[in-house]
Amino acid sequence: MIQLDTLNDMQKEAVLSTEGPLLILAGAGSGKTRVITNRIAYMIEDGINPYHILAITFTNKAAAEMRSRVDNIVGFGSESVWVSTFHSLCVRILRREIELLDYDTHFTIYDADDQKSVMKQVVKRMNLDNKMYPERTLLNEISKAKEQFISASAYAKEAGTDFRRQQIAKVYEEYQRQLKSSNALDFDDLLFKTVELFQFYPDVLERYQERFQYLMVDEYQDTNHIQFLLIRQLAQKYKNLCVVGDDDQSIYRFRGANIYNILNFEEEYPDTKVIRLEQNYRSTGNILKAANGVIHNNKGRKDKALWTGQGEGEKVVFHQYDSDYQEAEQTVWNIRKLLEDGISYGDVAVLYRTNAQSRMFEERLILANVPYKLVGGVNFYARKEIKDLICYLKVIENGSDDLCVQRIINVPKRGIGAASIEKAALFAYQNQMPLLDALFHVEEIPSLARAATKIKGFTRLVEELREELSSGEPLTILFQSILDTTGYLEELELEGTPEAEARIENIEELKNKIAQYEDSAEEPSLSGLLEEIALVADIDSMSEDDDKVVLMTLHSAKGLEFPCVFMVGLEEGVFPSGMVMYSENVEEEIEEERRLCYVGITRAKKRLFLSAARQRMTRGNLQMNAISRFVSEIPDEIITVAGNAVKRDMETKRPVKPQISNVYTAKPSYGKEFVVTRATDIDYGVGDRVRHIKFGEGEVTALVSGGRDYEVTVNFDRVGIKKMFASFAKLQKI
DNA sequence: AGTCAGCGAGTTTTT
DNA sequence: CTCGCTGACT
């Protein structure tokens, strides 16, 4: 049931305006999600078939959040509403339709890493000097083109007589050819190909226009041109398009977000109804004043003033420390002090500009025995062992994926060297066939006579695994077979180093993730699993319930809120980033940084702590930084400046060093753990009954302390004896 | 084929 | 500081 009486007038107006174009300018914390979910609920109550409703969000986390809130409020029929990110929407469409564009429906999705590998090959094949043409630059250029819906041939035409751009055009073409022959799409292609599909096949477009008669787009200020095009295509027929956004929170310009999509929405869609949500329900008055004070310095924004009915609350606190080390130590100490005020760890977030800044905080948190989770950084799925194993899955699914084949053909070592792979790749290239096919015909390649036996071993392996898949084995079993038959685990176990141990743990976690997927998906399939892995970032799976301090970048924090926020590293050259000072359009980029600052400040509900360091180590050398300009933009009367008094504090009031027991004290960024989990809070022992998310109930038969974790052996009622690491298994005592 | 030392280069933010 | 590449050696 929708709750109209809990909404303010503006929110109500937004909920009730279901027909025609609607622009909702929703300030930070103005109850945006509530409006969207209630609007969906109202539409359904009003007789609109939920089947015709599509809500697009920016992140999977936001999508999941909206999904559950819609389910809660709507009741019957809510499952027919599509809630999706741009990228997963496109994947779902393309899986059905991409054969029209001459791709196979089992296409794989390449991440940044894969893109880089492909580009490396392209550069090599074209004999380009990679000093002049670094992969990064090329990929950036191509990505920018795709965001503008500029194809390789269009790019070539535009290049004119500019030699460099002509070269890039050739790279673009070759890169696309390579992806095509691997039956792969990169992130940008997902959008690009969908828009292309709709352009070439108006009848297909019309089907989707009929399907999605009511569209809603969240975080509209972050959409780029191709997303704009996609929305325009879909909305063209019925024009029931509701976009929600806040130009002050546009922080993805570097990724092609076009702020004019929202600023010019009214021109693009005549008769747009505009609704402003300016009452903030999240933060205290002082926090809002700080935010307004900062963002006020930006030009070219839709002027608005957030206000709150809440009291002023505490003042914002600012500290300048002597060093980055001290900043981290003091921040952790401040967090511990908050506990005395009844704040819990889960209420606290530490936000910084770059991922590299997380390290020192991790170290100090570990030493202080404060539980925390790190969001972002090196993606779990980007780690070597995880990528390797996923490549096995990908090759089973899509044999055209040359990149994956190359990655795993000699992992673990099978004695197939670079030279042999090169020969096979050449043969495949000349005969226009996927590398894997060439390998299957290895006896026809004379130059590979010597390596033939070894290669056959590999192809037989792939064949066996494919048979297993087609015989309908569950994915968990298939994955276990990969581990067993390739000897991947075995090799790591033999190594016995701490690194290898960490990798084994990661593999265990991957196994759990697969089990989780299989458990929760409606129709689990290998392609579904791979899709989820490709599109779901770590932040999306951030569980809400555990009581840990959160560490993340300001970008990752968008859309979230915390009672207490620490914004650290507020220094010129750090935030605003040193990069923007040297760019061509300094002013614009500073404004983007300022919006980022605004986003950070408005994450805080009750308490906001800002800090800077006089000196910090950056890439090996010491830097002296001035206090960020953003600090001085906050009105004096609401800020408490605490100077160096801190140092004395530390000496006299320093908390007793916590006892370290069962605590993982290894260097945090070692292997770039994204969550350092402790096994301290095991509440079960041998003989207890426990529940596992996948395996059900069972009895603990052994508990062995293995270094920094426990290895638990459980005899499950359904599936028998399993060994697992306590920190990953998340067993519940019953 | 595989390993390892040594050197040079690059580091914002991410679906 | 840390990655990634190169080239020499086992």
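Every chain is numbered from 1, with letters handed out A, B, ... down the list of sequences.
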**Message:** Taking only the C1' atom of each, what is the distance from B:dT12 to C:dC5 in whole angstrom?
**Reply:** 25 Å

**Asked** What nucleotide, of C:dT2, B:dT14, B:dT12, holds the atom closest to the side chain of A:Tyr252?
**Response** B:dT14

**Message:** Among B:dG2, B:dT15, B:dT12, which nucleotide has an atom closest to any side-chain atom of A:Asn410?
**Reply:** B:dG2

**Message:** In whole Å, I'd like the distance from the CZ atom of A:Arg136 to the C1' atom of B:dT11.
**Reply:** 9 Å

**Item:** Phosphate-side-chain proximity, A:Thr553 and B:dT14, N/O vs OP1/OP2 below 4.0 Å
**Value:** yes

**Request:** Looking only at side-chain atoms of A:Ala419, point me to the closest of B:dA1, B:dT15, B:dT13.
**Result:** B:dA1

**Prompt:** A:His555 NE2 to B:dT15 P: how many Å, rounded?
**Reply:** 10 Å

**Asked** Taking only N and O in the side chain of A:Lys120, is any of them less than 4.0 Å away from OP1 or OP2 of C:dG4?
**Response** no

**Prompt:** With distance as the sole test, does A:Arg595 use its side chain to make a donor-acceptor pair with the main-chain N or O of A:Ile251 at under 3.5 Å?
**Reply:** no

**Asked** What pair of heavy atoms forms the shortest contact from A:Phe361 to A:Ala328, and how long is it?
**Response** CE2-CA, 3.6 Å

**Short side-chain N/O contact to B:dT14 OP1/OP2 from A:Asn355, under 4.0 Å** = yes

**Asked** Do A:Glu593 and A:Arg353 sit within salt-bridge range, that is, some charged N less than 4.0 Å from a carboxylate O?
**Response** yes

**Request:** Report yes if at least one side-chain N or O of A:Asn224 is closer than 4.0 Å to OP1 or OP2 of B:dT15; otherwise report no.
**Result:** no

**Asked** Contact class for A:Phe58 (heavy atom, under 4.0 Å): base, sugar-phosphate, or nothing?
**Response** sugar-phosphate

**Item:** Closest-nucleotide 5' rank along DNA chain B - winner of A:Lys413 and A:Glu592
**Value:** A:Lys413

**Item:** Residue pairs involving residues 111-123 of chain A (criterion salt bridge (charged side-chain N to carboxylate O under 4.0 Å, His left out); sequence neighbours excluded)
**Value:** A:Asp111-A:Lys387, A:Asp114-A:Lys387, A:Asp114-A:Lys394

**Fill in**
Sorted by position of nearest nucleotide on DNA chain B, 5' first, the leading residue of A:Ser420 and A:Met579 is A:Ser420

**Message:** Rounded to whole Å, how long is the line connecting atom CD of A:Gln227 with atom C1' of B:dT14?
**Reply:** 12 Å

**Message:** In whole Å, I'd like the distance from the CG atom of A:Asp113 to the C1' atom of B:dT14.
**Reply:** 14 Å

**Item:** Distance, rounded to the nearest Å, where A:Arg616 contributes CZ and C:dC1 contributes C1'
**Value:** 15 Å

**Request:** Answer yes or no: does a side-chain N or O of A:Arg253 lie under 4.0 Å from OP1 or OP2 of B:dT12?
**Result:** no

**Asked** Expressed in whole Å, how much space separates the P atoms belonging to B:dT13 and C:dG4?
**Response** 15 Å

**Prompt:** Are any of A:Ser556's side-chain N or O atoms less than 4.0 Å away from OP1 or OP2 of B:dT14?
**Reply:** yes

**Item:** Check: A:Gln516 main-chain N/O paired with A:Ser520 side-chain donor or acceptor under 3.5 Å
**Value:** yes

**Asked** Under the criteria of a ring-centre distance below 5.5 Å and an interplanar angle below 30°, is A:Phe187 stacked with the base of B:dT15?
**Response** yes

**Request:** Nearest whole angstrom, please: distance from the P of B:dT14 to the NZ of A:Lys146.
**Result:** 21 Å

**Message:** How close do A:Tyr133 and A:Leu138 get, counting heavy atoms only, and between which atoms?
**Reply:** O-CD1, 3.7 Å

**Message:** Whole angstroms only, please: what is the OH-P distance between A:Tyr381 and B:dT14?
**Reply:** 18 Å

**Complete:** Rounded to whole Å, OH of A:Tyr598 lies from P of B:dT13 at a distance of 24 Å

**Asked** So, do A:Phe254 and B:dT13 meet the stacking rule of ring centres under 5.5 Å and planes under 30°?
**Response** yes

